[in-house]
Visitor: 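Below are the structure tokens for one structure; questions will follow.
As the structure is a computational prediction, the values presented were derived from the model and not from experiment. Chain identifiers are assigned alphabetically (A, B, ...) following the order of the sequence lines, protein sequences preceding nucleic acid strands; residue numbering begins at 1 within each chain.
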Amino acid sequence: MSNTHDNHEAVGHHDEHAHHEENFVSKYIFSMDHKMIAKQFLITGIIMGTIGMLMSLVFRLQLAYPDTKFAFFESILGHWGKDGKLDPNFYLALITIHGTIMVFYVLTAGLSGTFSNLLIPLQVGARDMASPFMNMLSYWFFFISSIVLLCSLFVEGGPASAGWTVYPPLSALPKAIPGSGAGMTLWLVAMVLFIVSALLGGINYITTVLNMRTKGMKMTRMPLTIWAFLITAVLGLLSFPVLLGGSLLLVFDRSFGTSFYLNEIVAELAGGIERTGGSPVLFQHLFWFLGHPEVYIILLPALGITSEVIATNSRKPIFGYRAMIISILAIAFLSFIVWGHHMFMTGMNPFLGSVFMLGTLIIAVPSAVKTFNYLATLWKGNIKLTPAMLFAIGLVSFFISGGLTGIYLGNAALDINLHDTYFVVAHFHLVMGSAAIFGMMSGIYHWYPKMFGTMMSKSLGYIHFWLTFISAYCVFFPMHFMGLAGVPRRYYANTAYDQFNVFIDMNQFITIAAILGGIAQLVFLFNFFYSIRNGKRSPKNPWDSNTLEWTAPVEHLHGNWPGEIPHVYRWPYDYSKPGEESDFIPQNIPDESQNGDPMVEPKAPAVPHHTEAPPMQSQVKEVVMFSGLRRLFGFAG
Amino acid sequence: MILKNLLNKTFFAAVLFMFSLNVFALTSNKATTLVAKPSFELKSLMTEIRMDLQNPTQLITAQVSPMSAGVDATSTSGINWLLIIVAILLVAVIGVVFDILEKTAKIQGKTLLNWSKINSILLILFLVLGLIATVWEFYAHGKLTLFEQGSASEHGAIYDNMFMITLALTGVVFVITQVLLFWYSAKYKHNPNRKALYYPDNHKLEYIWTIVPAIVLTVLVVRGLITWNKIMYQKDEKAINVEIFGYQFGWNVRYAGTDNKLGFHDFRTVGVINPLGVDTTDEKAFDDVVTNELHLPVGVPVHFHFRAKDVIHGAYFPHFRAQMNVVPGLPTQLEFIPTVTTADMRAKLNQPTFDYALLCNKICGSAHYRMKMKIVIESQAEYEKWMKEQPALVNKAAAPKVEEVATPTADSKKKDKKEVALN
Amino acid sequence: MEHTEHLEHTESPADIKKQIWRTFWILSFLTVIDIVLYFALLSYHSMWKNTLFILLGVVKAFYIVAVFMHMKFERKALAGIIILPFMLVLVLIWLVLIEGGYTFDLR
Amino acid sequence: MANTTTLEAEKKITWGGGKSPFTVSYGKLMMWIFLLSDAFSFSSLLVTYGFIRFTFPASGANEIVKPLSHTAENFVEAMREAHLFSPEHWPLPELVFNHFPFLHGLHLPLFFVSLMTFVLIFSSVTMVLAVEAGHRNAKKEVAFYMLLTIFGGLAFLGCQAWEWTQFITEGASLHGNPFGPTAFAALFFIVTGFHGFHVFSGVVLNFIIYVNVLDGTYERRGHYEMVEKVGLYWHFVDLVWVFVFTFFYLI
């Protein structure tokens with residue numbers, strides 16, 4: 001660690017960046033090292049994820065055994081589990097907080113926060129983030145936000161219970177549901193803090209990617225993970241402020257008697273002030289203007305991680321690197337103009353329904369391109385089935401299953417009968433729940449050696465994967481059929497309806513599968529924490545990967561590389577290149593034709609064509625398509 | 001060094017295991033009083049857990065009937081806690097044992113399990129079983145879906161048609177892509193003597209799989225748009241006007257009566273006497289009929305006007321392929337033609353107690369899950385007979401005149417709106 | 001480096017100052033125009049009047065961003081990444097306003 | 001740009017190589033990106049305004065109330081009787097914002113808000129002059145113009161405070177509005193309040209920078225980039241006001 005200090009000279013981006021001694025607090029708590037912040041994000045995310053999952057098990061038990069009394073409910077939930085029966089209001093609170101935790105705290109912060117922080121500086125070849133201080137603030141805002149959200153579980157009336165989408169008037173009128181009292185206020189506070197954290201992080205990620213790349217790391221030589229994180233950060237940056245505005249107005253509606261989202265509400269329901277003039281649909285527009293990009297904020301990092309993991313473990317270049325980038329950009333762009341497909345049945349103008357439907361179904365095209373590219377990458381590969389790879393394959397499988405059901409829901413006409421049924425629950429749990437969690441797991445297994453310097457147990461990883469994979473399909477696949485039978489989501493019990501109650505056996509099956517999945521996570525948790533101390537020491541490049549992070553030493557230095565930052569001479573996917581002895585060539589290995597200048601393209605094109613000569617026409621087209629992109633980002637070829 | 005490490009770990013595992021045994025002993029000591037199954041064996045613990053999962057009713061009802069067992073409820077719930085702890089500890093033990101076994105195997109120079117092979121077999125197995133399960137699922141639960149039961153409205157046929165097209169297309173894609181995914185993953189498993197094919201791109205292929213989905217989706221989009229517009233813009237002059245009023249937690253129906261015009265309403269007057277806040281001075285409201293059940297004549301278009309009192313509700317008519325949110329302060333609308341009477345549906349489904357229902361499909365509070373209303377589709381004659389039995393609104397409301405005067409004239413309000421365009 | 005010429009341009013401080021003051025007068029003038037138009041067209045309600053005001057606002061915004069915020073002299077790419085994403089807001093505005101009109105019709 | 005070379009030099013030390021695609025420092029890029037994101041939060045509020053505005057019909061009458069032609073006392077009541085103010089119609093802004101300090105009782109529509117606009121534009125000019133002086137490393141000029149900018153900001157905040165006070169004394173609040181729909185007043189308070197909050201934080205930032213300038217922090221650093229970054233923020237506040245002015249007072 002002696003050279004850490006020497007490097008400080010080179011690390012300090014700020015003049016204020018003082019030479020300070022690393023003590024416990026500055027190293028582990030208020031750390032400004034992106035690697036430590038990544039670990040903080042990850043561990044907080046895992047803890048939140050565990051809480052979210054336990055909540056889901058509680059309400060799954062209720063759904064499967066609506067007539068049974070569980071004695072332990074009373075002991076752990078107190079008056080919300082009186083006589084072993086879950087309180088219907090608390091059931092709604094549980095689904096709300098489960099959704100909030102999973103969407104924002106686990107899959108946004110835990111996934112994108114962890115891996116953006118860990119990988120962006122390491123993979124683009126930077127000593128740290130553009131502003132390490134803001135990075136630290138980002139984590140601490142997130143941490144405080146988590147605490148506030150968890151605190152809301154203990155307030156009078158319970159936590160927010162209007163669904164994670166908190167549609168007013170239910171969320172705006174404290175009399176409408178107990179959870180819309182103090183719990184809802186805390187939810188909003190937590191969300192505002194979370195947005196601040198997301199913005200601080202996002203600004204940092206974008207700036208780092210754009211401005212801090214090492215020599216030779218052109219945009220066209222960036223790993224797909226970085227592309228995904230960059231676009232994710234852009235999505236977050238543009239959409240979170242809209243939710244900030246929306247939440248602000250909701251706060252005013254709740255606490256200061258305004259009526260932005262309320263109309264024709266009598267005084268006695270609304271705290272003594274009659275509310276007219278607003279529209280609940282307005283909130284839904286503002287919410288989903290965030291909410292839909294949010295889906296891709298969750299999914300894109302997972303897809304980026306998958307691209308990297310699949311290419312590395314197939315020992316093959318990712319198929320269609322440029323098509324992948326264009327797909328990411330297309331998905332990101334389209335995600336901003338389709339938010340209304342969550343609102344087809346909410347009293348929105350049917351004309352807008354047509355517009356949103358058009359955009360939504362177009363998203364299927366870049367998604368399909370991504371899927372086919374993954375398949376083509378696997379084809380004739382030399383696939384090492386590491387746990388990370390298995391999770392990546394699982395992600396692709398979920399992405400296909402969940403993506404295809406999206407075609408039903410994106411179709412406004414079909415949404416008429418599927419809106420807010422279990423079909424929706426099944427769809428989004430597959431495509432952004434399971435798929436994103438699998439992306440996160442894949443990333444954890446893959447970059448664990450980079451984070452902790454030790455290896456996780458492979459065998460336990462396999463057990464974890466298979467149990468989780470099977471249970472996830474068992475939980476979510478049958479739900480489609482409930483949805484097709486018209487079972488609405490967010491129902492405390494289906495006992496009031498004979499035609500829904502026939503699904504009781506399926507509900508029990510799902511719950512058992514969910515408990516199995518929960519137990520499988522214990523395997524993971526054990527593996528994760530046990531391996532930090534007891535895992536095998538990791539070699540420098542355990543997966544024979546090309547990207548820059550594996551050229552950094554296993555021990556963490558503040559500044560990442562002990563000497564000069566490696567220069568980049570090639571794209572990150574030179575796996576199994578013909579004529580080369582090794583089946584991988586890291587990005588920092590120069591080509592003979594480059595004369596040691598990283599800015600020169602290697603003689604063999606950076607994205608070499610396969611053995612047959614490509615048709616002239618397509619080459620021209622590619623140049624046209626891609627040079628436009630290059631011009632946009634202003635990096636000369 | 002390695003040996004020391006191993007020894008340490010074995011010790012750790014042993015301690016963990018002993019500890020879990022102890023905890024389990026505690027568990028079963030208490031459990032004996034309840035379940036009367038004294039056992040210290042791992043196997044029986046597993047069966048117990050399995051029992052707990054598969055047949056919780058038995059186990060748990062036994063637990064929560066403290067009178068018979070003579071143990072208070074808190075201690076019974078403690079068992080579940082301990083079970084969880086035992087599960088965690090067991091996982092830890094298994095983990096450590098695996099770790100040790102692998103390390104020992106490594107020292108001896110062999111691999112414990114050929115995971116590559118196992119995984120590729122599992123992948124194929126998962127694919128095959130998964131596809132079989134999918135087919136079985138269609139067979140077993142497909143008949144419970146609404147599509148199997150058939151639609152009960154005129155546009156339902158177009159809807160079901162659209163659904164089936166989508167199902168067929170996505171089904172084909174689903175099978176092809178999943179098969180390829182698992183098949184490739186298993187087939188091209190690692191072989192140190194082989195080198196992967198360096199195949200970074202192929203523009204022809206990429207264009208094909210961009211353009212083909214695009215064309216398929218265009219078909220879906222066009223059909224979807226046609227279907228959507230057909231359903232959402234149904235408009236018939238002769239349609240019966242019906243107002244659906246949602247509140248926490250129930251529904252009311254207001255029929256427009258003989259003039260087929262709904263009287264004006266004002267949310268300020270909603271109260272116990274006048275639950276829907278209808279303006280009783282408005283002559284259009286005189287013949288309105290308010291009920292708690294929705295009766296509709298078969299084959300006649302119905303135009304629904306939705307209104308909510310407090311929060312957003314969702315009016316969901318699953319069998320009619322119709323849904324619309326009921327938003328406070330936003331009068332939403334919907335129109336459809338019911339085509340199958342309740343009696344016919346009962347006969348078709350062979351369920352003599354079957355009833356159509358209007359469900360709430362937007363989270364609205366604690367009793368959201370049982371906020372429903374019975375829908376009866378009947379012949380024109382039956383409908384008219386039923387309608388005659390319902391009292392008209394004004395007689396029923398009998399609101400004092402003073403209140404009526406106080407209601408602002410919604411009539412003039414409407415007029416103003418129509419005249420003045422937004423600048 | 002494609003757009004070097006933009007960056008290397010070194011105007012004398014006097015030139016820059018002149019440009020700043022010119023922009024100030026343009027902005028002031030446009031604001032005055034706004035007010036004058038407002039009263040001139042007071043009894044006249046139409047889409048065109050509003051479009052005119054918005055256009056004037058956009059012109060003002062252009063001067064502020066281009067000159068005061070120095071965007072004119074930055075690389076085109078920077079302008080691109082800042083301004084193009086902002087266009088997404090137009091989609092939000094467009095669709096939400098349609099929705100507002102629809103709500104008006106329903107009520 | 002004068003400080004390009006210093007930036008280049010700084011980059012050499014902090015960063016092993018490569019190139020910055022925009023030839024701006026990461027700090028400025030961050031500020032730009034932040035402003036982009038903040039533009040979205042303002043947009044969400046303005047979109048709300050547009051939506052609610054669209055759900056109300058405009059004021060029914062097109063009667064023109066001539067400037068200077070009313071005596072103040074019961075202006076609002078008179079307007080209500082003339083159906084120019086009613087809860088069903090969006091009021092004409094010139095009838096609402098028609099006051100001017102010290103000129104009590106005169107109908108001076110939109111004059112005051114025009115003044116506010118000028119104040120803000122002017123403070124933007126002084127800000128950009130400070131930035132320009134910073135390029136020349138002219139510490140005294142930077143300090144002078146920063147001070148002017150701070151005064152401009154404070155003047156604007158003062159104007160806004162007066163306007164709010166006036167509005168509130170006439171009976172407007174977050175849930176009541178004598179001029180028209182309650183949403184009109186609530187939106188006014190939210191949007192101008194959010195903008196005012198930005199102005200306020202801008203003034204605080206400017207003040208910090210001003211102190212630093214006097215302290216010689218940037219002189220020692222060799223460049224006045226901090227002034228530029230804060231300048232960007234300040235112009236952004238001005239930019240937002242252009243649209244608030246257009247949408248709230250004109251349309």
Side-chain angles (χ1 to χ4, degrees), chain A residues 68-69 71-72 75 84 88-89 163 169-170 176-177 263-264 280 315-317 320 323 345-347 350 354 361 364-365 368-369 372 375 378-385 393 400 404 411-413 416-417 420 459-460 481 484-486 488 490-492 496 512 522-523 526 576-578 610 618, chain B residues 53 57 63-64 73 76-77 80 88 91-92 95 98-99 116 119 141 144-146 162 166 170 174 177 180-181 184-185 188-190 194-201 203 206 209-210 213-214 217 221 224-225 227-228 232 267 311 318 321 323 325 327-330 332 361 363 365-366 369-370:
Chain A
T68 311
K69 293 181 172 175
F72 69 96
S75 59
N89 281 315
L170 189 58
I177 191 168
N263 191 18
E264 302 198 354
R315 316 307 299 159
K316 262 189 84 177
M345 289 295 116
T346 54
S354 311
L361 292 192
V365 176
V369 169
F372 293 136
L375 292 180
L378 291 173
W379 180 66
K380 290 206 172 178
N382 198 6
I383 301 167
K384 286 182 181 163
L385 292 170
I393 293 169
I400 295 170
L404 287 173
N411 189 329
I416 292 174
N417 229 41
D420 268 352
S459 311
L460 289 182
F481 290 87
L484 295 180
R490 291 166 174 168
Y491 266 23
Y492 169 70
I512 291 165
L522 292 180
V523 179
F526 169 77
S576 303
K577 201 171 186 180
H610 53 99
S618 64
Chain B
L53 299 179
T57 358
Q63 285 176 359
V64 281
T76 54
S77 64
N80 288 285
I88 294 169
V91 167
F98 248 112
D99 199 35
S116 175
N119 276 322
H141 289 114
L144 298 176
T145 63
L146 295 167
M162 180 78 226
T166 317
T170 53
F174 176 78
T177 44
L180 288 182
L181 175 69
Y184 285 167
S185 308
Y188 300 110
K189 68 169 189 291
H190 194 68
R194 198 161 54 85
K195 206 168 179 184
L197 176 72
Y198 188 77
Y199 192 58
D201 56 3
H203 298 297
E206 283 169 61
W209 64 49
T210 312
L217 284 165
V221 166
L225 282 177
T227 316
W228 169 249
M232 294 313 282
F267 72 97
V311 299
R321 312 289 186 261
Q323 177 165 205
N325 278 8
V327 187
L330 182 74
T332 50
N361 201 14
I363 179 170
S366 55
Y369 69 104
R370 47 188 165 81

Visitor: Which label fits F372(A) and W209(B): parallel for a plane angle under 30°, tilted from 30 to 60°, or perpendicular past 60°?
Guide: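 Rings of F372(A) and W209(B): tilted, 30 to 60°.
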Visitor: Look up atom CE in M345(A) and atom OG1 in T332(B), then write down how far apart they are to the nearest 0.5 Å.
Guide: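 Here the interatomic distance stands at 10.5 Å.
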Visitor: Indicate the atoms forming the closest heavy-atom contact of N361(B) with P488(A), along with that distance.
Guide: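 Minimum heavy-atom separation between N361(B) and P488(A): OD1-CB, 3.0 Å.
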Visitor: Where on L404(A) is there a heavy atom nearer than 4.5 Å to chain B: the side chain, the backbone, both, or neither?
Guide: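 Interface part for L404(A): both.
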Visitor: Under a 3.5 Å distance rule, please check whether N382(A) uses its side chain to pair with a backbone N or O of R194(B) as donor and acceptor.
Guide: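 Confirmed, N382(A) side chain pairs with R194(B) backbone.
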Visitor: So which of S576(A), A323(A), P578(A) has the largest heavy-atom pair count under 4.5 angstrom toward chain B?
Guide: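 Max contact count across the listed options: S576(A).
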Visitor: Give the minimum heavy-atom separation between G224(B) and A413(A), together with the two atoms involved.
Guide: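 Nearest heavy atoms, G224(B) then A413(A): O-CB, 3.8 Å.
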Visitor: Is it true that a side-chain atom of K380(A) and a backbone atom of Y198(B) form a donor plus acceptor pair closer than 3.5 Å?
Guide: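 Not confirmed, K380(A) side chain does not pair with Y198(B) backbone.
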Visitor: Ignoring hydrogens, what is the shortest heavy-atom contact between V365(A) and A214(B)? Give both atom names and the distance.
Guide: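 Smallest heavy-atom distance, with atoms named: CG2-CA, 3.8 Å.
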Visitor: Looking at S354(A) and L225(B), what are the two nearest heavy atoms and their distance?
Guide: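 S354(A) and L225(B) have their closest heavy atoms at CB-CD2, 3.5 Å.
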Visitor: Top residue by heavy-atom pair count (under 4.5 Å) with chain A, among T145(B), T227(B), L330(B)?
Guide: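 That would be T145(B).
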Visitor: Heavy-atom pairs under 4.5 Å with chain B - which of I393(A), N411(A), L170(A), L378(A) has more of them than the others?
Guide: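 Greatest number of close heavy-atom pairs with chain B: L170(A).
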Visitor: Sort out for me which of G163(A), A176(A), P350(A) touches chain B most, counting heavy-atom pairs under 4.5 Å.
Guide: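 Of the options given, most contacts go to P350(A).
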Visitor: If you count heavy-atom pairs within less than 4.5 Å of chain A, which of N119(B), T166(B), L180(B) leads?
Guide: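 Result: the option with the highest number of such pairs is N119(B).
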Visitor: L146(B) and L484(A): side-chain contact (heavy atoms from CB on, under 4.5 Å), yes or no, with the steps?
Guide: CA-CA 6 Å; L146(B) 295 167; L484(A) 295 180; over 6 Å; no
Visitor: Using a cut-off of under 4.5 Å for heavy-atom pairs, which of A368(A), A364(A), G486(A) has the most such pairs with chain B?
Guide: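 Of A368(A), A364(A), G486(A), G486(A) has the most heavy-atom pairs under 4.5 Å with chain B.
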Visitor: Looking at E206(B), K195(B), K189(B), which has the largest count of heavy-atom pairs under 4.5 Å with chain A?
Guide: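 Ranked by heavy-atom pairs under 4.5 Å with chain A, first place is K195(B).
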Visitor: Which atom pair, heavy atoms only, marks the closest approach of G365(B) to I177(A)?
Guide: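 So the minimum-distance heavy-atom pair works out to CA-CD1, 3.8 Å.
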Visitor: Rounded to the nearest 0.5 Å, what separates atom OG in S116(B) from atom CG in L385(A)?
Guide: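 Interatomic distance, S116(B) OG to L385(A) CG, rounded to 0.5 Å: 5.5 Å.
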Visitor: Can you see which heavy atom on P280(A) is nearest to which on V327(B), and at what distance?
Guide: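 P280(A) and V327(B) have their closest heavy atoms at CG-CG1, 3.4 Å.
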Visitor: Is there a donor-acceptor pair under 3.5 Å between the side chain of Q323(B) and the backbone N or O of N417(A)?
Guide: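 It does not hold such a pair.
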Visitor: Parallel, tilted or perpendicular: which describes the rings of H141(B) and F481(A), with under 30° parallel and over 60° perpendicular?
Guide: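 Tilted.
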Visitor: Using 0.5 Å steps for rounding, measure from the OG1 atom of T177(B) to the CD1 atom of I400(A).
Guide: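 Answer for the OG1-CD1 pair, T177(B) versus I400(A), is 4.0 Å.
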Visitor: For chain B, find which of V369(A), N263(A), I383(A) contributes the most heavy-atom pairs closer than 4.5 angstrom.
Guide: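 Heavy-atom pairs under 4.5 Å are most numerous for I383(A).
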